[in-house]
Amino acid sequence: MAHLLGIDVGTGGTRALVIDDSGAVLGSATAEHAPFASPRTGWAEQDPDDWWRAARHAIPRALTA
């Protein structure tokens with residue numbers, strides 16, 4: 001049986017999802033991002049290092065869920 005790991009980086013957090021080869025969810029976890037910066041009207045900035053930090057937190061939690 002194969003297991004697949006999906007990672008979604010959204011505006012508010014990074015989510016990790018583990019499914020089996022039939023599509024059944026085996027585990028999931030989300031880690032929030034730091035609030036995004038708006039240095040000018042209409043701008044939204046996030047630090048990619050924060051996405052990586054959130055992924056490093058969410059992935060192990062999804063794998064053990």
Side-chain angles (χ1 to χ4, degrees):
M1 175 186 293
H3 294 123
L4 303 170
L5 171 66
I7 302 169
D8 174 49
V9 178
T11 56
T14 295
R15 179 175 187 154
L17 180 73
V18 180
I19 62 171
D20 66 16
D21 51 5
S22 71
V25 176
L26 303 175
S28 68
T30 301
E32 293 186 5
H33 293 161
F36 61 86
S38 294
R40 293 188 180 184
T41 303
W43 287 21
E45 296 179 354
Q46 289 183 305
D47 183 357
D49 288 333
D50 189 49
W51 301 339
W52 179 235
R53 178 206 51 81
R56 288 190 340 260
H57 287 285
I59 292 167
R61 291 188 0 233
L63 291 171
T64 60

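Just so it is clear, the values below take in all heavy atoms, side chains as well, and ignore hydrogens, waters and symmetry mates.
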For [X], what residues pass the side chain to side chain contact (heavy atoms under 4.5 Å, CB included) criterion, not counting sequence neighbours?
{"X": "Pro48", "result": "Trp51"}
{"X": "Ala54", "result": "Thr14, Ala31, His33"}
{"X": "Asp47", "result": "Asp49, Asp50"}
{"X": "Ala2", "result": "Asp21"}

Rounding to 0.5 Å, atoms NE2 (His3) and CD1 (Ile19) come to a distance of 10.0 Å

Here the pair of heavy atoms bringing Ser38 nearest to Trp43 is OG-O, 3.2 Å

- Query: Does some side-chain heavy atom of Val25 sit less than 4.5 Å from a side-chain heavy atom of Leu17?
  - Reply: yes

Using a 4.5 Å cut-off on heavy atoms from C-beta on, say whether the side chain of Pro39 contacts that of Glu45. yes

Show me, pair by pair, the donor-acceptor contacts under 3.5 angstrom made by side chains of residues 56-65, not counting sequence neighbours?
unit_1	atom_1	unit_2	atom_2	d
Arg61	NH2	Thr30	O	2.7
Thr64	OG1	Pro60	O	3.1
Thr64	OG1	Arg61	O	3.3

Exercise. Linking I/L/V/M/F/W/Y whenever any side-chain heavy atoms sit under 4.5 Å apart, do Val9 and Trp52 land together?
Worked result: no

Should we count CD of Gln46 as having more than 12 external heavy atoms under 6.0 Å? yes

Hits for side-chain hydrogen bond (donor to acceptor under 3.5 Å, both in side chains) against Ser22, two or more places apart or cross-chain, chain-then-number order -> Asp20

